[in-house]
Amino acid sequence: MHNLLILDGAMGTMLQAAGMKAGEHPEVFGFDNPEIVKNIHLKYIESGSNVIYTNTFGANAHKLEGCKIDVDTAVKTAIKSAKEAIDESKRDVKVALDIGPIGELLEPLGVLRFEDAYEIYKEMVVAGEKYGADIIIFETFTDLYDVRAGVLAAKENTNLPVWVTMTYETTGRTFTGTKIESMAVTLEGLGVDAIGFNCSLGPKEILPLAKKLKEWTNLPIIIKPNAGLPNPSTGEYDLHAADFAKLMADYKSIGISYAGGCCGTSPEFISELKKEFENRKFSEIKSTKAKTGICSANEMVELNGVRVVGERLNPTGKKRFQEALLNHEMEYICKVAIEEEESGADILDINVGVPGGDEVALMIEAVKAVQSVVNIPLQIDSSNPEAIEAGLRVYNGRAIVNSVNAEDERLDLILPIVKKYGAAVIGLALNENGIPTTAQERFDNAKHILDKALEYGLKKEDVIIDCLTLTVSAQQDQAKETLEAVRMVTKDLGLHTTLGVSNISFGLPARSHITENFLIQAMYAGLDLPIVNPNIEGIMDAIYSFKVLSGEDKDSAKYIDRFAAVKTETKVTEVLNTGEVTKELVEDAILKGLKEETYNNAKKLLETKGELEIINEYLIPALDTVGDLYERQVIFLPQLINAANAASSAFELIKERIANKGEQNVSKGKIVVCTVKGDIHDIGKNIVKVILENYGYRMIDLGRDVDIQRVVDTVIREDVKLVGLSALMTTTLPAMKKTIEEIRKVSKDCKVWVGGAVLTKEYADEMGADFYAPDARSSVDIAKTVLG
Ligand code: THG
C-alpha cells in the first residue's frame, strides 16, 4: 500500500472567521489569541491531518518589522499552539514550521540580496528547530532563487527534514518563469526531502503539473491545492469538500505522498479527503527513474545528445576580459555570455581566475550577473574549492562543476561540495602523476573518479569525463589516444564526456581545420559536451551536421532551420563598430537588459534627435516588443524587469536633458497605483510601477494597505485620470470594490483598473472597474487607452 499522509487545510480564512481583521498580521493575532490557533489545529487533527502547518507563514523579520512581536516569539508562540493541540488530541501528528516567501523580490527582480534572504530564513528555521518543529515547509514560492536561499538556510542550520511546495500557473511556469523540471532537479539536488505544489490552482488544474513533476523527481510529492478557482459571482472558491476530495483521488495514479488543502479549504475538506483516501487505497506506483539535466530556473538541458559548452567566459589570453573582471565591468561579461547564447551554446563555462582578482568574490559577482541575462545553464570553471562553492551557492539552477581530477586529495575536497549542491561534475582523466599517455590509463583514472563519485553519493549520470586534449603539433601521437579514451569511457563506463576542443590546434596555421576535424572525430567517438567557441561558424556547422548524421536532429529540422533562412539579427557588439544607433540596436540592448549600452545609445541619439522622438520611436517600440515576447513566453519576468530597467537608464537621461532645457514635463500623464486596504502584498504592484514608469508615465505609488481616503484625496489633489488597484487575497476584494465606489463619487473621468492573483475579468466587472489587467504587461495597454 502506498503510504499517504494527510496535511491540513487553510489557516488564514479560519483565523478571519474567528475574528482576525483584514490587514492584521496572522502571527500577531495568533500571539494575542493562542487558543483560537490551537482550536483550528485541533479541528484539522480531528478531521484526520497527520501533519499540521504552524501559523508562521509570514513570521519573517521583513514582514514582522514594526510589529509588537519578533520572529523568535512568533515562531515560539505558533509552535506552542500546534503542540498543545496535538497533546490535547493525543494523536501522533507532526508539526511543520510553515515558511512563506519574504514578501520582497530578490535581485535581480527586486532589491533583496540572496545573502540577506538567507539570513531572514535562517532566523526562522533556527527558531523552528529550537521550539520543536518536526519539519520545515517552504510553501507558496514562485521564485526558485528565493526558495533556494531558504533551503540552504534550513540545511545548513538545522537537522530537520525540508519540504518545498511552489505555486504554479496553468502554463507550467511560476510567476517568475521557473519551470517544473528546474524546480524538481534543483531542489532534489539540494537535498530537499519532499516537493510539490500548493495554492493558486485547484486539484484539477494541478494534476497535469503533478504528472510532469513526477517525471522529473524521485522525491515524495506534496499536493496542497486551493478549493478550486474563485467563483466571480460569489467570491468563493468553486469546489465543495466532497468534490475536492474526489478530484484529489485522481492523484493516486501519480503516487503522491502528502495531500492537503490551501486557500478556501476547511476541516470539512480534510475529513472528506481522509475518507476518500481511506476508501480507495493508493496502489503502489512503479517508480521509473526520474529524468534529469543541467538547468537554470527557466531552461532545462537534458544530456541526451551533443550539447555545446561555450568557452568564452574565460580570461585566459584575453586582455579585455581580464580588464573587465578586474574593473568589475559585468556588462562586458554579460555581453560575451549573450553572444554565446545567441550563437547556439547550450551551456556556458564560466571562469573568472585572473591575477590580482579575488576569484571567490568575482565568481559570485559574475554568476549573478550572467544568470540574470541568459537562460542557458552554467558550468562553474575553477580549481579553487571556495570559488566553486561560492558559484554553486548563488547559481539559481543545477550547474556543472569544472573540474576535479583522479587525485584522491582533490576528489575528497571537491566531491562533497558537488554533492551538497546536487551539481554534476567534470573529472579530468589525470592524477598526481600527470596526464597519462595511453587511452587505457586515462580510462583507469576515469573509473577511479566514477567510483569515488558514487561513494560520495553522486549518480553515474552526474559524472562527466574529460579525456584531455593535448596539442597535436607538440604531441602528435596523443590525439588518437584521446579519441580512444573517449570511446572507452563512453562505451564501457557509459559516462558523458567533455573536451576542451580548441587545445588541439595550438601552434598550427589555419587552426580551424584541425579543430573542426578533431571535434567531428571526437563526437563520433562519443564526445557529447564539447567545450568550444560557439561564435566560430565552422564549429557550429560541424555540430549541426553531426547531429543530422547521428540521427539526433530529427528530420534535420534544426539543420534546416540554421541554413534555410539567412539570419539578419544584429549583434549588440556591432554598435561599437559602426557607431550608428539604429532602432534594432536600441531594441536589442533593451531586450537584453544592457543598461550602459542603452544609456550610451540614448546619449548618441540625443546628438541628432529630439527627446520625444527618442522616447516614442525608439524606447516605447522596444518596450512593446519586450512586452510581446513576454506575453508569448519567449522571455520571462526576470528579463522583462531587466529590460524595463535598461530602458529606464535611457529614460532618466532624457528626462534630465528636458529638465535642463526647462521644457515642460515629458510625462505622458499621472497614474496612481496601490495595494488596497487590508492587503500587504505589493510585488505585482511594484512590477506594474516599474514598467509604466518606463513607458513615460509619472507614477504616484501610494504603497500597500492603503486607506481608501488616501486614494481619494490623491485623485482630487493631483487631478488623476487613472488609478490601478492591486489585491492578492480574496478577502481584500471588498476593500477594492469600496475604493472604486469612493473614487467614482469624487471624479467622473478617473478610470480605474484592477489586477492581482485572485482577480478575474468577471470580478473586475462586478466591482465596477473600468479595466482588468491579467498581468503587469496589460497595464500598459490600459494606460495607453486612457492617457495616450
Ligand atoms: N577541459 C576542461 N575545461 C577547460 C578546458 C579543457 N576549460 C578551459 C579550456 N580548456 C577551454 N576553454 C577555453 C577558453 C578560452 C580559450 C580556449 C579554451 C581561448 N581561445 C582563443 C585561442 O584559442 O587562442 C583565445 C582568444 C579568443 O577566443 O579570442 O583562449 O580542456 N574540462
Side-chain angles (χ1 to χ4, degrees), residues 294 303 307-325 332-333 335-337 339-340 343 345 347-354 359 363 366 378-384 387-388 391 399-407 410 414 418 423-431 434-435 442 445-446 449 462-475 478-479 481-483 485-486 489 495-516 518-519 522 527-540 573:
I294 306 303
L303 303 186
R307 299 292 175 261
V308 177
V309 183
E311 71 177 21
R312 304 216 10 106
L313 297 177
N314 192 318
T316 314
K318 290 183 212 124
K319 244 196 146 141
R320 181 68 189 91
F321 202 97
Q322 293 178 5
E323 204 178 270
L325 284 173
Y332 176 80
I333 313 266
K335 277 194 213 172
V336 176
E339 201 180 9
E340 285 194 283
S343 298
I347 295 168
L348 294 184
D349 189 89
I350 179 166
N351 183 310
V352 297
V354 57
E359 195 187 354
M363 187 62 92
L378 300 183
Q379 170 165 303
I380 311 292
D381 185 353
S382 172
S383 53
N384 174 350
I388 290 173
I400 300 174
V401 169
N402 184 16
S403 56
V404 292
N405 60 45
E407 287 175 90
R410 292 292 298 168
I414 309 279
V418 174
V425 64
I426 292 175
L428 307 178
L430 58 83
N431 61 16
I435 300 179
R442 291 186 205 186
N445 282 336
I449 292 166
D462 304 333
V463 179
I464 300 157
I465 298 296
D466 185 336
C467 294
L468 306 166
T469 312
L470 300 181
T471 303
V472 72
S473 59
Q475 289 159 284
Q478 286 294 298
E481 294 298 330
T482 303
L483 293 171
V486 170
V489 168
L495 299 183
H496 298 294
T497 60
T498 186
L499 286 173
V501 175
S502 60
N503 298 358
I504 196 75
S505 61
F506 279 124
L508 287 175
R511 284 181 60 184
S512 63
H513 301 300
I514 298 292
T515 306
E516 285 155 29
F518 178 69
L519 168 65
L527 171 67
D528 60 347
L529 289 160
I531 306 173
V532 295
N533 180 347
N535 302 338
I536 300 174
E537 243 172 86
I539 295 264
M540 295 305 280
T573 39

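Start at 1 and go down the list; that is how both ligands and their atoms are numbered.
Between the side chains of Asp466 and Thr498, no donor-acceptor pair is found at a separation under 3.5 Å. Side-chain contact, Asn314 with Thr316: a donor N or O sits under 3.5 Å from an acceptor N or O. Looking only at atom types and distance, the side chain of Thr515 has no donor-acceptor partner in the side chain of Ser502 under 3.5 Å away.
With a heavy-atom cut-off of 4.0 Å, Asn351 does not touch ligand 1 at all. Residue-level proximity to ligand 1 for Asn503 is carried by the side chain, the only part with a heavy atom below 4.0 angstrom.
The shortest N/O to N/O separation between Ser502 and ligand 1 does not fall below 3.5 Å. In terms of N/O distances under 3.5 Å, ligand 1 is approached by Arg312. For ligand 1, the polar-atom distance check against Thr498 finds no nitrogen or oxygen pair separated by under 3.5 Å.
The protein heavy-atom contact nearest to atom 2 (C) of ligand 1 is Asp466 OD2, 3.2 Å. Atom 24 (O) of ligand 1 has as its closest protein heavy atom Arg511 NH1, 3.4 Å. What sits closest to atom 25 (C) of ligand 1 on the protein, heavy atoms only, is Lys318 CE, 4.4 Å. Protein heavy atom in closest approach to atom 18 (C) of ligand 1: Glu311 OE1, 3.2 Å. Among protein heavy atoms, the minimum distance from atom 3 (N) of ligand 1 is reached at Asn402 ND2, 3.0 Å. Ranking the protein heavy atoms by distance from atom 30 (O) of ligand 1 puts Thr316 O, 3.3 Å first. At the top of the distance list for atom 11 (C) of ligand 1, counting protein heavy atoms only, stands Ile531 CG2, 3.9 Å.
Applying side-chain contact (heavy atoms from CB on, under 4.5 Å) to Leu468 and the options Asn405, Leu430, Thr482 leaves one that passes, Leu430.
For the pair Arg442 (side chain) and Ala429 (backbone), a donor-acceptor distance under 3.5 Å is absent.
In this structure, atom 9 (C) of ligand 1 has its sub-4.0 angstrom surroundings free of protein heavy atoms. The nearest protein heavy atom to atom 21 (C) of ligand 1 is not closer than 4.0 Å.
Within the 4.5 Å cutoff, no side-chain heavy atoms of Glu311 are placed close to those of Asp349.
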